[in-house]
Q: 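Below: one structure in structure tokens.
None of these values were measured; they are calculated from a predicted model. Reminder, nothing fancy here: chain letters follow the sequence lines and each chain counts from 1. Computation of the quantities below employed the complete heavy-atom set of this structure, encompassing side-chain atoms and omitting hydrogens, waters and symmetry-equivalent molecules.
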2 protein chains.
Amino acid sequence: MEKKFQAIYDLLAKEIQTEKIKAGQLLPSENELTERFMTSRETVRKALQLLSQNGYIQKLQGKGSVVLEQDKLPLPVSGLTSFKELSRSMSQKVETIVTSLSCENAHGLIQQVLQCEEGTPVWELHRLRKLDNEAVIYDKDFLLNELAPGLTEEIAGDSIYDYLEQELGLSISYAKKEVVVEEAQAEDKAIMDLGSYQQLVVVRSAVYLEDTTLFQYTESKHRPDKFRFVDFARRTK
Amino acid sequence: MEKKFQAIYDLLAKEIQTEKIKAGQLLPSENELTERFMTSRETVRKALQLLSQNGYIQKLQGKGSVVLEQDKLPLPVSGLTSFKELSRSMSQKVETIVTSLSCENAHGLIQQVLQCEEGTPVWELHRLRKLDNEAVIYDKDFLLNELAPGLTEEIAGDSIYDYLEQELGLSISYAKKEVVVEEAQAEDKAIMDLGSYQQLVVVRSAVYLEDTTLFQYTESKHRPDKFRFVDFARRTK
DNA sequence: TAGTGGTCTAGACCACGTC
DNA sequence: ACGTGGTCTAGACCACTAA
């Protein structure tokens, strides 16, 4: 059974997305929602907290919950979103090419970043992303073989996240990311369509499961003109 | 009086930061914390939720709350953090130069991004940031005069956020940000120490108050080698 | 003054992990 | 079987906004 607060969140989020409730309007009061959903106020408040965190509403003490302007561009790169999820919201033609997939025994750098024992089997996956037939993103993934033993080129060409979450039942929980700009390496210049670009935006991320296992390390290189990152952030404290 | 859940959060966060409780260890159980702080379990859980959101802990059903590895680099650029708060955590020499501060009547682009009436008085502020005597960051701010009438060069050289929040009692609530890479303009090349860099990382952000007023629009240009962005993100859904 | 959201409580039952 | 966190309840009191 779906959780109550999740159901309330989903319903209200949908009403905001479809503009049944428009930006600037107030949501029904917490007491009204409590009655409408035949639940307790704390449960309603959990749903509203989620809406607030995700930028749907702003709560105003003494007034109510205002619906915020929806951004046209749902690119939550700041959250945990994979390339496939991302490309769905882009109009351009998108293509993924698996340039290499192999299983190695961890050593050196790879062993260090994945924090595993020397010799642990690790998948190394290279993927080239084409937008409108231009190779503008180059991803290198390292993941523990143990957790995704049946990985194939076909799966890798689709969405790894789908496979992990839906096929294997793994729960991705959180990630740490870093974004920097670096010089393009010889390999990057050889494999990507860089034109005269000499630098790349590099996104390095470590992905963790719910049990805090570090499971995947990714380095994603973007041609600068094709890189865009949007974020919604609340002031903490 | 400080809120109870906030107090519990502060205390536990401190114990984690100072490594009284080390990474990998479990926090006391929710029931234990409930007793220790003489409160209810829901209140403890609010504090733990904050810790989880901010990357301090990971909750494991049936087990407890594990303390996560603390990143050495507390650069929450992803949250809402101002340059001054940021520079405090950097070892380098940091300097801010106000290159221009004026109050204009809004028109054209500025009026559009701030979503105000034509002719509304708006502060325009330009600041150059030097790290180790190199001008590597160039900020342009636009803010509603009405909300910060007493702005001076001295305040702008310090921290605008401090002034707004502590002096004026304004509550900054949330922001929308965009990060892209763009060609350096002639003005940028003239005022910044760019060396041979032709491109800049541009962070555009809109800052909103608690009453959802759009209050500030900022364009921050960074020399690519001095730009770094780190993020902790939880998987939603 | 009435209605709103913000905090807090004491208890219940469930789902999961460990032993 | 026991302890853990996850969800939910019904109610209380407070702080703020608006009429």
Q: Counting distance only, does the side-chain N/O of B:D211 pair as donor-acceptor with the main-chain N or O of B:T213 below 3.5 Å?
A: yes
Q: What I'd like to find out is whether the side chain of A:Y56 reaches to under 4.5 Å of the side chain of A:L12, using heavy atoms alone.
A: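 Not in contact.
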Q: Quick one: B:L27 CG to D:dT4 P, roughly how many Å, whole number?
A: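 After rounding, the gap between these two atoms is 13 Å.
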Q: At under 4.0 Å, does any side-chain N or O of B:K59 touch on OP1 or OP2 of D:dG6?
A: yes
Q: Specify the residue among A:T43 and B:S65 whose closest nucleotide of DNA chain D lies further upstream toward the 5′ end.
A: B:S65
Q: Give the rounded distance in Å between these two atoms: CD of B:Q58 and C1' of C:dG17.
A: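 Spelled out: CD on B:Q58 to C1' on C:dG17 is 15 Å.
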Q: Rounded to whole Å, how long is the line connecting atom CD of A:Q49 with atom P of D:dG6?
A: 14 Å
Q: Rounding to an integer number of Å, can you tell me how far A:D211 CG sits from C:dG17 P?
A: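 For the pair A:D211 CG and C:dG17 P, the rounded distance is 10 Å.
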Q: Closer than 4.0 Å, any side-chain N/O of B:S40 to the OP1 or OP2 of C:dC8?
A: no
Q: Looking at the base of C:dC14, is there any donor atom on it, or on the side chain of B:Q61, that sits under 3.5 Å from an acceptor on the other one?
A: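 For B:Q61, whose side chain was compared with the base of C:dC14, there is no donor-acceptor pair (under 3.5 Å).
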Q: Look at the side-chain N and O atoms of B:R45 and state whether any lies under 4.0 Å from the OP1 or OP2 oxygen of D:dG6.
A: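 Yes.
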Q: How many whole angstroms separate atom CD of B:E35 from atom P of D:dT4?
A: 10 Å
Q: Would you say a side-chain N or O of B:K4 is under 4.0 Å from OP1 or OP2 of C:dT9?
A: yes
Q: Looking only at side-chain atoms of B:S29, point me to the closest of C:dT7, C:dG5, D:dG5.
A: D:dG5
Q: Just jot down the side chain to side chain contact (heavy atoms under 4.5 Å, CB included) partners of A:V98, sequence neighbours excluded, or say none.
A: A:L101, A:L125, A:R127, A:E153, A:A156
Q: Please give, in whole Å, the distance from D:dA12 C1' to A:E42 CD?
A: 12 Å
Q: Counting side-chain heavy atoms from CB outward, which of D:dA18, D:dA10, D:dG6 is closest to B:R41?
A: D:dG6
Q: May I ask you to verify if any side-chain N or O of A:K46 is less than 4.0 angstrom from the OP1 or OP2 atom of D:dC8?
A: no
Q: Between atom NZ in A:K63 and atom C1' in C:dA2, what is the gap in whole Å?
A: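 In whole Å, C:dA2 C1' lies 16 Å from A:K63 NZ.
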Q: For the residue pair B:Y9 and B:K46, establish whether any side-chain heavy-atom pair is separated by less than 4.5 Å.
A: no
Q: Is any side-chain N or O of B:T39 closer than 4.0 Å to OP1 or OP2 of C:dC8?
A: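 For C:dC8, OP1/OP2 do not have a side-chain N/O of B:T39 under 4.0 Å.
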Q: Any side-chain heavy atom of B:H222 sitting closer than 4.5 Å to one from B:I137?
A: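 B:H222 reaches B:I137 side chain to side chain.
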Q: Can you measure B:I57 atom CD1 to D:dG6 atom C1' for me and round it to whole angstrom units?
A: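 Going from CD1 in B:I57 over to C1' in D:dG6 covers 14 Å.
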Q: Would you indicate which nucleotide in C:dG6, D:dC8, D:dA10 comes nearest to any side-chain atom of A:E30?
A: C:dG6
Q: Checking all strands, does B:L60 fall into the base, sugar-phosphate, or nothing category for heavy-atom contacts under 4.0 angstrom?
A: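 Sugar-phosphate, no base atom in range.
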